[in-house]
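Report on the structure given below.
Both counts, for ligands and for their atoms, begin at 1 and track the order of listing. Here, residue 1 is the first one in the sequence, and each next residue gets the next number.
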Amino acid sequence: MDLSDIPLIDQHAHNLLRPEHARTFAYPSAFTEGYAAEVVTHHGQGTLFFRRSMREIAELLGCEPRLEAILEARERLGFEELARRCFQAAGFQTILLDDGFMPDQVMPTDWHNRLARTYRLLRVEFLAERLIQETSTWPAFEEAFRAALDHPDPEVVGFKTIVAYRTGLAIETPDWEAARSAFETLRQQVARKERLRLAHKPLNDWVVWRTLEAAARQGRPVQFHTGFGDPDLDLRWANPLHLRPLLEHPGFRRVPFVLLHASYPYTREAGYLAAVYPHVYVDLGLAIPFLSHAGMAFVVRAFLEFTPISKILFSTDAHLIPELFYLGARWGRRILGEVLEATIRDEDLTTAEAEQAAEAILYRNAQILYGLR
Ligand SMILES: [Zn+2]
(Lines give C-alpha, C1' and ligand atoms only; values in the text may rest on other atoms or scores of the structure.)
Protein backbone atom coordinates (compact mmCIF):
# COMPACT_ATOMS: atom_id res chain seq x y z
CA MET A 1 0.00 0.00 0.00
CA ASP A 2 1.25 3.46 -0.87
CA LEU A 3 0.61 5.74 2.09
CA SER A 4 2.57 8.72 0.78
CA ASP A 5 -0.48 10.99 0.52
CA ILE A 6 -1.61 10.52 4.11
CA PRO A 7 -0.74 13.54 6.29
CA LEU A 8 1.22 12.71 9.43
CA ILE A 9 0.94 13.69 13.06
CA ASP A 10 4.25 13.09 14.79
CA GLN A 11 3.05 12.66 18.34
CA HIS A 12 6.48 12.70 19.95
CA ALA A 13 9.67 14.38 18.78
CA HIS A 14 12.19 16.99 19.96
CA ASN A 15 13.44 20.40 18.88
CA LEU A 16 16.20 20.94 16.33
CA LEU A 17 19.68 21.86 17.50
CA ARG A 18 20.55 25.55 17.02
CA PRO A 19 22.93 26.12 14.09
CA GLU A 20 25.76 27.38 16.29
CA HIS A 21 25.67 24.08 18.24
CA ALA A 22 25.11 22.00 15.11
CA ARG A 23 28.59 23.03 13.97
CA THR A 24 30.36 21.47 16.96
CA PHE A 25 28.10 18.42 17.18
CA ALA A 26 29.33 15.02 15.94
CA TYR A 27 26.81 14.18 13.19
CA PRO A 28 27.01 10.36 13.61
CA SER A 29 25.97 10.76 17.26
CA ALA A 30 22.42 11.55 16.05
CA PHE A 31 22.19 7.97 14.74
CA THR A 32 23.08 6.09 17.90
CA GLU A 33 21.79 6.00 21.46
CA GLY A 34 25.32 5.38 22.72
CA TYR A 35 27.65 8.27 23.51
CA ALA A 36 31.00 6.60 24.16
CA ALA A 37 33.54 7.89 21.63
CA GLU A 38 34.10 4.42 20.09
CA VAL A 39 30.36 4.04 19.57
CA VAL A 40 29.93 7.44 17.89
CA THR A 41 33.02 7.28 15.69
CA HIS A 42 33.15 3.56 14.95
CA HIS A 43 30.63 0.90 16.06
CA GLY A 44 27.56 3.15 15.75
CA GLN A 45 28.31 3.58 12.05
CA GLY A 46 27.98 -0.17 11.59
CA THR A 47 24.26 -0.42 12.35
CA LEU A 48 21.87 -1.22 9.53
CA PHE A 49 20.06 2.02 10.41
CA PHE A 50 23.21 4.11 9.89
CA ARG A 51 24.16 2.41 6.61
CA ARG A 52 20.66 2.69 5.16
CA SER A 53 20.22 6.27 6.35
CA MET A 54 23.45 7.54 4.78
CA ARG A 55 22.16 6.42 1.36
CA GLU A 56 18.73 7.93 1.90
CA ILE A 57 20.01 11.25 3.19
CA ALA A 58 22.50 11.46 0.31
CA GLU A 59 19.67 10.91 -2.14
CA LEU A 60 17.58 13.67 -0.53
CA LEU A 61 20.50 16.11 -0.49
CA GLY A 62 21.73 15.14 -3.97
CA CYS A 63 25.24 14.06 -2.97
CA GLU A 64 27.35 10.91 -2.73
CA PRO A 65 26.41 8.43 0.03
CA ARG A 66 29.50 9.14 2.15
CA LEU A 67 29.57 10.87 5.51
CA GLU A 68 31.97 13.62 4.34
CA ALA A 69 29.86 14.34 1.24
CA ILE A 70 26.72 14.59 3.37
CA LEU A 71 28.41 17.00 5.78
CA GLU A 72 29.50 19.16 2.84
CA ALA A 73 26.01 19.14 1.32
CA ARG A 74 24.49 20.17 4.66
CA GLU A 75 26.94 23.04 4.96
CA ARG A 76 26.10 24.15 1.41
CA LEU A 77 22.34 24.10 1.99
CA GLY A 78 22.50 25.89 5.33
CA PHE A 79 20.40 25.28 8.42
CA GLU A 80 16.97 26.58 7.30
CA GLU A 81 17.07 25.16 3.80
CA LEU A 82 18.13 21.73 5.09
CA ALA A 83 15.26 21.73 7.60
CA ARG A 84 12.78 22.88 4.93
CA ARG A 85 13.89 20.17 2.52
CA CYS A 86 13.59 17.40 5.12
CA PHE A 87 10.18 18.52 6.34
CA GLN A 88 8.82 19.04 2.84
CA ALA A 89 9.79 15.49 1.90
CA ALA A 90 8.37 14.17 5.21
CA GLY A 91 4.89 15.69 4.86
CA PHE A 92 3.95 16.40 8.48
CA GLN A 93 0.71 18.15 9.24
CA THR A 94 1.48 18.47 12.95
CA ILE A 95 4.35 17.74 15.34
CA LEU A 96 4.30 17.47 19.15
CA LEU A 97 7.65 18.50 20.64
CA ASP A 98 9.04 17.57 24.04
CA ASP A 99 11.16 20.71 24.40
CA GLY A 100 12.85 19.65 27.65
CA PHE A 101 15.64 17.73 25.88
CA MET A 102 18.90 19.76 25.75
CA PRO A 103 16.76 22.88 26.31
CA ASP A 104 19.68 25.34 26.26
CA GLN A 105 20.94 24.16 22.86
CA VAL A 106 17.81 23.81 20.73
CA MET A 107 15.66 26.13 18.61
CA PRO A 108 12.60 27.65 20.35
CA THR A 109 9.49 25.52 20.00
CA ASP A 110 7.41 28.16 18.11
CA TRP A 111 10.16 28.47 15.51
CA HIS A 112 9.21 24.97 14.27
CA ASN A 113 5.78 26.28 13.22
CA ARG A 114 7.39 27.31 9.91
CA LEU A 115 7.95 23.58 9.23
CA ALA A 116 4.69 22.06 10.58
CA ARG A 117 1.97 23.04 13.05
CA THR A 118 3.72 22.59 16.39
CA TYR A 119 2.40 21.82 19.87
CA ARG A 120 4.28 21.23 23.13
CA LEU A 121 4.69 18.32 25.50
CA LEU A 122 5.69 19.47 28.96
CA ARG A 123 8.60 17.42 30.33
CA VAL A 124 7.80 17.28 34.03
CA GLU A 125 11.28 16.42 35.37
CA PHE A 126 12.70 19.47 33.58
CA LEU A 127 9.91 21.62 35.06
CA ALA A 128 10.57 20.21 38.56
CA GLU A 129 14.33 20.83 38.27
CA ARG A 130 13.72 24.42 37.24
CA LEU A 131 11.28 25.03 40.11
CA ILE A 132 13.65 23.44 42.67
CA GLN A 133 16.17 26.09 41.66
CA GLU A 134 13.62 28.89 41.91
CA THR A 135 11.83 28.02 45.18
CA SER A 136 13.56 27.74 48.53
CA THR A 137 10.96 25.88 50.61
CA TRP A 138 9.07 22.63 50.05
CA PRO A 139 5.57 24.20 50.39
CA ALA A 140 6.52 26.88 47.85
CA PHE A 141 7.85 24.22 45.48
CA GLU A 142 4.74 22.05 45.86
CA GLU A 143 2.52 25.04 45.14
CA ALA A 144 4.58 26.20 42.13
CA PHE A 145 4.66 22.71 40.61
CA ARG A 146 0.93 22.29 40.97
CA ALA A 147 0.24 25.72 39.47
CA ALA A 148 2.56 25.04 36.51
CA LEU A 149 0.82 21.73 35.76
CA ASP A 150 -2.66 23.21 36.10
CA HIS A 151 -2.00 26.29 33.99
CA PRO A 152 0.50 25.36 31.32
CA ASP A 153 1.14 27.38 28.19
CA PRO A 154 -1.90 27.00 25.85
CA GLU A 155 0.26 25.18 23.30
CA VAL A 156 0.85 22.29 25.74
CA VAL A 157 -1.24 19.25 24.74
CA GLY A 158 0.27 16.63 27.03
CA PHE A 159 2.83 15.83 29.70
CA LYS A 160 5.97 13.75 29.27
CA THR A 161 7.92 11.91 31.94
CA ILE A 162 11.43 10.45 31.77
CA VAL A 163 11.16 8.74 35.15
CA ALA A 164 12.24 5.51 33.39
CA TYR A 165 15.64 7.17 32.88
CA ARG A 166 15.99 8.49 36.39
CA THR A 167 14.62 5.99 38.91
CA GLY A 168 12.57 3.52 36.87
CA LEU A 169 8.93 2.77 36.14
CA ALA A 170 8.23 0.88 39.41
CA ILE A 171 6.60 4.03 40.81
CA GLU A 172 5.37 3.84 44.39
CA THR A 173 2.74 5.82 46.27
CA PRO A 174 4.71 8.89 47.30
CA ASP A 175 6.30 9.02 50.72
CA TRP A 176 5.88 12.77 51.35
CA GLU A 177 8.54 12.97 54.05
CA ALA A 178 11.12 11.21 51.87
CA ALA A 179 10.19 13.41 48.89
CA ARG A 180 10.61 16.51 51.03
CA SER A 181 13.99 15.36 52.29
CA ALA A 182 15.14 14.70 48.70
CA PHE A 183 14.03 18.26 47.90
CA GLU A 184 16.22 19.56 50.78
CA THR A 185 19.20 17.57 49.44
CA LEU A 186 18.72 19.07 45.98
CA ARG A 187 18.40 22.57 47.44
CA GLN A 188 21.79 22.07 49.11
CA GLN A 189 23.21 21.17 45.70
CA VAL A 190 21.72 24.37 44.30
CA ALA A 191 23.36 26.34 47.14
CA ARG A 192 26.71 24.74 46.26
CA LYS A 193 26.07 25.69 42.61
CA GLU A 194 26.23 22.03 41.53
CA ARG A 195 24.45 20.83 38.42
CA LEU A 196 21.01 19.67 39.46
CA ARG A 197 19.77 16.23 38.52
CA LEU A 198 16.46 14.93 39.80
CA ALA A 199 17.22 11.24 40.43
CA HIS A 200 15.95 10.61 43.97
CA LYS A 201 13.27 7.95 43.82
CA PRO A 202 10.83 9.37 46.41
CA LEU A 203 10.87 12.78 44.73
CA ASN A 204 10.74 11.39 41.17
CA ASP A 205 7.78 9.21 42.15
CA TRP A 206 6.12 12.26 43.75
CA VAL A 207 6.61 14.26 40.51
CA VAL A 208 4.97 11.53 38.42
CA TRP A 209 2.15 11.13 40.92
CA ARG A 210 1.42 14.86 40.95
CA THR A 211 1.53 14.88 37.16
CA LEU A 212 -0.99 12.05 36.95
CA GLU A 213 -3.29 13.87 39.38
CA ALA A 214 -3.12 17.03 37.25
CA ALA A 215 -3.63 14.99 34.07
CA ALA A 216 -6.68 13.34 35.66
CA ARG A 217 -8.18 16.76 36.46
CA GLN A 218 -7.61 17.92 32.88
CA GLY A 219 -8.04 14.66 30.94
CA ARG A 220 -4.60 15.28 29.40
CA PRO A 221 -2.39 12.42 28.12
CA VAL A 222 0.89 11.57 29.86
CA GLN A 223 3.70 10.18 27.72
CA PHE A 224 6.06 7.75 29.46
CA HIS A 225 9.50 6.98 28.14
CA THR A 226 9.56 3.16 28.07
CA GLY A 227 12.00 0.63 26.63
CA PHE A 228 15.35 1.43 25.03
CA GLY A 229 17.27 4.68 25.14
CA ASP A 230 20.77 5.91 25.88
CA PRO A 231 22.90 4.15 28.53
CA ASP A 232 21.73 6.57 31.23
CA LEU A 233 18.80 4.14 31.35
CA ASP A 234 18.63 0.89 33.33
CA LEU A 235 16.60 -1.08 30.79
CA ARG A 236 15.35 -3.52 33.44
CA TRP A 237 13.29 -0.71 34.99
CA ALA A 238 11.99 0.58 31.66
CA ASN A 239 9.62 -2.35 31.17
CA PRO A 240 6.06 -0.92 31.06
CA LEU A 241 4.73 -3.88 33.06
CA HIS A 242 6.06 -2.03 36.13
CA LEU A 243 3.28 0.53 35.59
CA ARG A 244 0.53 -1.88 36.63
CA PRO A 245 -0.19 -0.26 40.06
CA LEU A 246 -0.66 3.12 38.35
CA LEU A 247 -2.81 1.63 35.60
CA GLU A 248 -4.99 -0.05 38.23
CA HIS A 249 -5.24 3.09 40.39
CA PRO A 250 -8.87 4.30 40.38
CA GLY A 251 -7.78 7.96 40.44
CA PHE A 252 -5.85 7.59 37.18
CA ARG A 253 -8.41 5.73 35.08
CA ARG A 254 -9.17 8.86 33.08
CA VAL A 255 -5.54 9.57 32.26
CA PRO A 256 -4.36 8.35 28.86
CA PHE A 257 -0.96 6.66 29.38
CA VAL A 258 1.12 6.77 26.18
CA LEU A 259 3.96 4.21 26.18
CA LEU A 260 6.71 5.60 23.97
CA HIS A 261 9.32 3.90 21.75
CA ALA A 262 7.28 0.72 21.20
CA SER A 263 8.70 -0.09 24.66
CA TYR A 264 11.32 -1.98 22.61
CA PRO A 265 12.31 -4.71 23.36
CA TYR A 266 9.22 -5.03 25.61
CA THR A 267 6.99 -4.42 22.60
CA ARG A 268 4.53 -7.26 23.11
CA GLU A 269 4.24 -6.38 26.81
CA ALA A 270 3.25 -2.81 25.87
CA GLY A 271 0.84 -4.08 23.23
CA TYR A 272 -0.80 -6.28 25.83
CA LEU A 273 -1.31 -3.35 28.22
CA ALA A 274 -2.86 -1.26 25.44
CA ALA A 275 -5.17 -4.14 24.57
CA VAL A 276 -6.56 -4.66 28.06
CA TYR A 277 -6.55 -1.18 29.62
CA PRO A 278 -8.87 1.38 28.02
CA HIS A 279 -6.49 4.24 28.89
CA VAL A 280 -3.20 2.81 27.54
CA TYR A 281 -1.78 3.69 24.11
CA VAL A 282 1.40 2.55 22.37
CA ASP A 283 3.74 4.51 20.13
CA LEU A 284 6.13 3.57 17.32
CA GLY A 285 8.77 6.30 17.77
CA LEU A 286 12.50 5.60 17.95
CA ALA A 287 11.81 1.97 16.93
CA ILE A 288 10.98 3.76 13.65
CA PRO A 289 13.48 4.70 12.19
CA PHE A 290 16.29 3.39 14.47
CA LEU A 291 15.79 -0.34 13.87
CA SER A 292 16.55 -2.41 10.78
CA HIS A 293 13.80 -2.81 8.17
CA ALA A 294 12.92 -6.20 9.74
CA GLY A 295 13.02 -4.70 13.25
CA MET A 296 10.61 -1.89 12.31
CA ALA A 297 8.26 -4.40 10.67
CA PHE A 298 8.50 -6.53 13.81
CA VAL A 299 7.22 -3.77 16.12
CA VAL A 300 4.27 -2.89 13.88
CA ARG A 301 3.39 -6.58 13.48
CA ALA A 302 3.86 -7.26 17.21
CA PHE A 303 1.35 -4.53 18.05
CA LEU A 304 -1.13 -5.65 15.40
CA GLU A 305 -1.03 -9.19 16.80
CA PHE A 306 -3.21 -8.15 19.72
CA THR A 307 -3.52 -4.38 20.13
CA PRO A 308 -6.56 -2.54 18.76
CA ILE A 309 -5.79 -0.20 15.85
CA SER A 310 -7.28 2.72 17.81
CA LYS A 311 -4.48 2.37 20.40
CA ILE A 312 -1.45 2.63 18.10
CA LEU A 313 0.21 6.03 17.51
CA PHE A 314 2.87 7.10 15.05
CA SER A 315 5.87 9.18 16.03
CA THR A 316 9.49 9.58 15.02
CA ASP A 317 11.17 10.63 18.29
CA ALA A 318 13.30 12.72 15.92
CA HIS A 319 15.72 15.00 17.75
CA LEU A 320 18.45 17.53 16.99
CA ILE A 321 18.71 17.10 13.19
CA PRO A 322 15.92 17.42 10.58
CA GLU A 323 17.04 14.29 8.73
CA LEU A 324 15.57 12.14 11.53
CA PHE A 325 12.14 13.67 10.90
CA TYR A 326 12.47 12.79 7.23
CA LEU A 327 13.64 9.21 7.89
CA GLY A 328 10.96 8.64 10.52
CA ALA A 329 8.18 9.83 8.20
CA ARG A 330 9.48 7.88 5.23
CA TRP A 331 9.84 4.61 7.14
CA GLY A 332 6.66 5.07 9.15
CA ARG A 333 4.63 5.17 5.94
CA ARG A 334 6.59 2.44 4.21
CA ILE A 335 6.61 -0.12 7.02
CA LEU A 336 2.97 0.46 7.88
CA GLY A 337 2.09 0.04 4.18
CA GLU A 338 4.01 -3.24 3.97
CA VAL A 339 2.61 -4.70 7.18
CA LEU A 340 -0.97 -3.69 6.36
CA GLU A 341 -0.64 -5.23 2.90
CA ALA A 342 0.20 -8.53 4.63
CA THR A 343 -2.88 -8.20 6.85
CA ILE A 344 -5.00 -8.05 3.68
CA ARG A 345 -3.32 -11.18 2.25
CA ASP A 346 -3.82 -12.90 5.61
CA GLU A 347 -7.50 -11.95 5.49
CA ASP A 348 -7.24 -10.19 8.86
CA LEU A 349 -8.38 -6.92 7.26
CA THR A 350 -10.17 -5.93 4.07
CA THR A 351 -8.49 -3.38 1.81
CA ALA A 352 -10.86 -0.68 3.06
CA GLU A 353 -10.17 -1.59 6.68
CA ALA A 354 -6.40 -1.54 6.08
CA GLU A 355 -6.69 1.95 4.55
CA GLN A 356 -8.63 3.17 7.56
CA ALA A 357 -6.04 1.58 9.88
CA ALA A 358 -3.24 3.48 8.11
CA GLU A 359 -5.04 6.80 8.60
CA ALA A 360 -5.84 5.99 12.22
CA ILE A 361 -2.23 5.14 13.08
CA LEU A 362 -0.59 7.92 11.08
CA TYR A 363 -2.78 10.78 12.32
CA ARG A 364 -6.37 10.18 13.41
CA ASN A 365 -5.71 8.45 16.74
CA ALA A 366 -3.38 11.28 17.82
CA GLN A 367 -5.83 13.93 16.60
CA ILE A 368 -8.55 12.47 18.84
CA LEU A 369 -6.28 11.73 21.81
CA TYR A 370 -4.80 15.25 22.00
CA GLY A 371 -7.90 17.07 20.79
CA LEU A 372 -6.08 18.59 17.79
CA ARG A 373 -8.04 20.34 15.09
ZN1 LIG B 1 11.85 11.38 22.95
Side-chain angles (χ1 to χ4, degrees), residues 8-17 25 29-35 49 86 90 92 94-107 109 112 115-116 118-129 155-166 168-169 198 204 207-208 211 221-235 237-240 243 256-267 270 281-291 296 299 312-329 331-332 366 369-370:
L8 296 180
I9 295 181
D10 186 348
Q11 73 106 31
H12 174 92
H14 302 271
N15 302 37
L16 296 178
L17 202 59
F25 159 84
S29 69
F31 298 84
T32 170
E33 286 292 305
Y35 34 61
F49 167 54
C86 289
F92 291 106
T94 301
I95 55 177
L96 274 50
L97 297 182
D98 162 9
D99 49 12
F101 177 60
M102 296 173 60
D104 46 349
Q105 297 185 41
V106 295
M107 293 300 285
T109 305
H112 298 77
L115 302 171
T118 305
Y119 293 93
R120 288 184 61 203
L121 300 162
L122 182 65
R123 186 188 282 224
V124 293
E125 287 79 8
F126 175 61
L127 171 67
E129 283 169 350
E155 295 294 289
V156 169
V157 293
F159 300 123
K160 152 85 186 285
T161 170
I162 54 159
V163 69
Y165 265 105
R166 297 296 172 84
L169 293 177
L198 178 59
N204 285 77
V207 162
V208 173
T211 300
V222 180
Q223 297 189 350
F224 282 77
H225 177 103
T226 63
F228 69 149
D230 67 59
D232 195 20
L233 182 86
D234 184 335
L235 188 59
W237 298 106
N239 184 332
L243 292 172
F257 284 65
V258 180
L259 310 179
L260 297 173
H261 311 325
S263 301
Y264 183 86
Y266 307 112
T267 304
Y281 294 79
V282 289
D283 156 83
L284 297 166
L286 195 62
I288 296 176
F290 269 62
L291 301 181
M296 293 187 282
V299 297
I312 305 171
L313 303 164
F314 166 76
S315 84
T316 61
D317 196 35
H319 46 277
L320 305 178
I321 60 167
E323 289 93 323
L324 291 175
F325 283 90
Y326 166 65
L327 296 170
W331 283 95
L369 184 63
Y370 297 95

A correct count of protein N/O/S atoms found below 2.8 Å of the Zn ion (ligand 1) gives 3

Parallel, tilted or perpendicular: which describes the rings of H261 and F228, with under 30° parallel and over 60° perpendicular?
-> perpendicular

Sub-3.5 Å donor-acceptor pair from the side chain of H225 to the main-chain atoms of G227, do we have one?
-> yes

In short, V157 meets P221 closest at the heavy-atom pair O-CD, 3.6 Å

Reference residue L286; test side-chain contact (heavy atoms from CB on, under 4.5 Å); the match among T316, L324, V299, D317 | D317

Counting N and O atoms only, with roles assigned by atom type, does the side chain of E129 sit under 3.5 Å from a partner on the main chain of L198, one being a donor and the other an acceptor?
-> yes

Enter the distance from H112:NE2 to H14:NE2 here, rounded to the nearest 0.5 Å.
-> 11.5 Å

